[in-house]
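Let me begin by presenting the structure, written as structure tokens, before commenting on it.
Residue numbers start from 1 in every chain, and the chains themselves are labelled A, B, ... in the order their sequence lines are given, proteins ahead of strands.
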Number of protein chains: 2
Amino acid sequence: MEQRIEKIKKQLHSQSYKLTPQREATVRVLLEHEEDHLSAEDVYLLVKEKAPEIGLATVYRTLELLSELKIVDKINFGDGVSRYDLRKEGAEHFHHHLVCVECGAVEEIEEDLLIDVEKQVESDWGFQVKDHRLTFHGICKKCQVVTVKS
Amino acid sequence: MEQRIEKIKKQLHSQSYKLTPQREATVRVLLEHEEDHLSAEDVYLLVKEKAPEIGLATVYRTLELLSELKIVDKINFGDGVSRYDLRKEGAEHFHHHLVCVECGAVEEIEEDLLIDVEKQVESDWGFQVKDHRLTFHGICKKCQVVTVKS
DNA sequence: TCTATTAATTAGAATGATTATCACCTAAAA
DNA sequence: TTTTAGGTGATAATCATTCTAATTAATAGA
């Protein structure tokens, strides 16, 4: 935990941003909820427990900043809220998501499945790919069982 | 054009919805702007030219309905607005998008590039894929030229 | 250290997209 | 014709996000 915060601090400093107490509190919340896909509101409520004087706008600004620095990924599942994910150590890209249309669970895929597809896009469309967003909608393992049973 | 409207009419009827004049006007606008990615507001303004008495809420309701029937796809490029695309004749899935981070242009890919990836997800993660959303962010052909020149 | 300047913060107002409500309307069924 | 079930338009309400103004903290230079 502390090392990762230290690292993020350096990333901020390298762009002459500071790791203020509010920003640190926000980052800590993200680290403690790496598996979840928190909305700005969610983050705000969690940060407030440690740093009650923080403002919602500050959380938004912090998430926006972290997003620009590629420390977090801002994602959108189409439910009208942006969600923020810590980018995994060393990851170049967005990870992918499996969204269950039955129960709403979100699973993550760390592996990059799109190497070949990106190559194809670059050669066939002349489009220089920088990043991607891939989400599958379907039925997760758990819900498949339920469906079969009922 | 007329055949496609006829077809959409049937799709609506099959779920006991009606193709009202407002709905038809909305569908016509979508058909006439198949290549664009119109927001609800855009659609509203265009429909208003033909049917000035239509209300914004009706446009939203119509787009939502068409989206449920998989006649249009509701997409989200993260700019805070939902956009609506007519689904191509016979297409099972969402098409993919190439969004240029320089000029904002959006190009479409009709081909389904994800057949193999979907198979892999189904076998490796036991997730039954129903649909997908794939967007690439990068630099389009045009902007690559400009970048090289300058 | 003191001071000027700049960056960051907060609370709350403002904005913009979307959804809900409600009174009215229409078309077709009974 | 009366009934019924959707549809519709205007407008209000809601919700996420951004902006604003005033305040405070941090920093660099004298």
Side-chain angles (χ1 to χ4, degrees), chain A residues 8-9 11-29 36-69 71-85, chain B residues 8-29 37-69 71-85:
Chain A
I8 289 167
K9 189 173 181 179
Q11 284 178 270
L12 284 166
H13 283 165
S14 76
Q15 311 274 322
S16 60
Y17 293 114
K18 292 173 248 173
L19 185 65
T20 63
Q22 290 89 339
R23 287 177 183 166
E24 181 171 338
T26 305
V27 168
R28 280 184 191 278
V29 164
D36 307 341
H37 297 80
L38 303 175
S39 67
E41 184 84 28
D42 295 336
V43 174
Y44 172 61
L45 293 174
L46 289 165
V47 174
K48 244 177 144 31
E49 292 174 8
K50 317 181 171 197
E53 72 297 346
I54 201 171
L56 176 57
T58 301
V59 171
Y60 269 103
R61 273 187 300 252
T62 301
L63 292 171
E64 196 55 37
L65 177 61
L66 294 173
S67 177
E68 274 165 32
L69 297 180
I71 295 167
V72 309
D73 289 327
K74 184 177 180 181
I75 49 179
N76 206 305
F77 293 138
D79 58 352
V81 208
S82 292
R83 293 165 189 284
Y84 299 85
D85 277 15
Chain B
I8 288 167
K9 189 173 180 178
K10 276 181 196 151
Q11 284 179 269
L12 284 166
H13 284 165
S14 75
Q15 312 274 321
S16 62
Y17 294 114
K18 293 175 239 174
L19 185 64
T20 63
Q22 291 89 339
R23 287 177 183 168
E24 181 171 337
T26 305
V27 168
R28 280 183 191 277
V29 163
H37 298 81
L38 302 176
S39 67
E41 184 85 27
D42 295 337
V43 174
Y44 173 61
L45 293 173
L46 288 165
V47 175
K48 243 178 144 35
E49 293 174 8
K50 318 181 170 199
E53 72 298 344
I54 201 171
L56 177 56
T58 300
V59 171
Y60 270 103
R61 275 186 298 243
T62 301
L63 292 172
E64 196 55 36
L65 176 62
L66 294 173
S67 176
E68 273 164 33
L69 297 180
I71 295 167
V72 308
D73 290 327
K74 183 177 179 181
I75 49 178
N76 204 307
F77 293 137
D79 58 352
V81 209
S82 291
R83 292 166 189 284
Y84 299 85
D85 278 14

Would you say a side-chain N or O of [X] is under 4.0 Å from OP1 or OP2 of [N]?
| X | N | answer |
| --- | --- | --- |
| A:Tyr60 | D:dT18 | no |
| A:Thr58 | C:dT9 | no |
| A:Ser82 | D:dA16 | no |

Review point. Quick one: salt bridge (Lys or Arg N to Asp or Glu O under 4.0 Å) partners of B:Lys74, sequence neighbours excluded?
Key: B:Glu64
Gap between atoms [atom1] and [atom2], on [X] and [N] respectively (whole Å):
| X | N | atom1 | atom2 | answer |
| --- | --- | --- | --- | --- |
| B:Arg83 | C:dT18 | CZ | C1' | 15 Å |
| A:Arg23 | C:dA8 | CZ | C1' | 7 Å |
| A:His13 | D:dT27 | NE2 | C1' | 13 Å |
| A:Gln22 | C:dA7 | CD | C1' | 12 Å |

Tell me which donor-acceptor pairs under 3.5 Å the side chains of residues 50-59 of chain A have, and how far apart each pair is, sequence neighbours excluded?
unit_1	atom_1	unit_2	atom_2	d
A:Lys50	NZ	A:Glu32	OE1	3.3
A:Lys50	NZ	A:Glu32	OE2	3.0
A:Thr58	OG1	A:Arg61	NH2	3.2

In residues 14-25 of chain A, what donor-acceptor pairs under 3.5 Å come from side-chain atoms, sequence neighbours left out?
unit_1	atom_1	unit_2	atom_2	d
A:Ser14	OG	A:Gln11	O	2.7
A:Thr20	OG1	A:Arg23	N	3.2
A:Arg23	NH1	A:Lys18	O	2.7
A:Glu24	OE2	A:Arg28	NE	3.2
A:Glu24	OE2	A:Arg28	NH2	2.8

Between side-chain atoms of residues 37-47 of chain B and protein atoms elsewhere (two or more places apart, or another chain), which donor-acceptor pairs fall under 3.5 Å?
unit_1	atom_1	unit_2	atom_2	d
B:His37	NE2	B:Asp85	OD2	3.2
B:His37	NE2	B:His97	NE2	3.2
B:His37	NE2	B:Glu108	OE2	2.9
B:Ser39	OG	B:Asp42	N	3.1
B:Ser39	OG	B:Asp42	OD1	3.4
B:Ser39	OG	B:Asp42	OD2	3.0
B:Asp42	OD2	B:Ser39	N	2.9
B:Tyr44	OH	B:Lys48	NZ	3.4

Practice item. Assign B:Ile54 to base, sugar-phosphate, or nothing according to its heavy-atom contacts below 4.0 angstrom with the strands shown. Key: sugar-phosphate
Review point. Is A:Ser39 touching bases, backbone alone, or none of the nucleic acid, heavy atoms closer than 4.0 Å?
Key: nothing
Point to revise | Options C:dT18, D:dG7, C:dA8, nucleotide nearest the side-chain atoms of B:Val81 | key: C:dT18
Review point. A:Ala40 side chain: which of D:dT17, D:dG7, C:dT18 is closest?
Key: D:dT17
Using the 3.5 Å cut-off, write out each protein N or O paired with an N or O of nucleotides 20-28 of chain C and the distance between them.
none

Point to revise | B:Leu65 side, atom CG; B:Leu69 side, atom CG - distance, nearest 0.5 Å | key: 5.0 Å
Check your understanding: Got a sec, which residues hit side chain to side chain donor-acceptor pair (under 3.5 Å) with B:Asp79, two or more places apart in sequence or on another chain?
Key -> B:Arg83
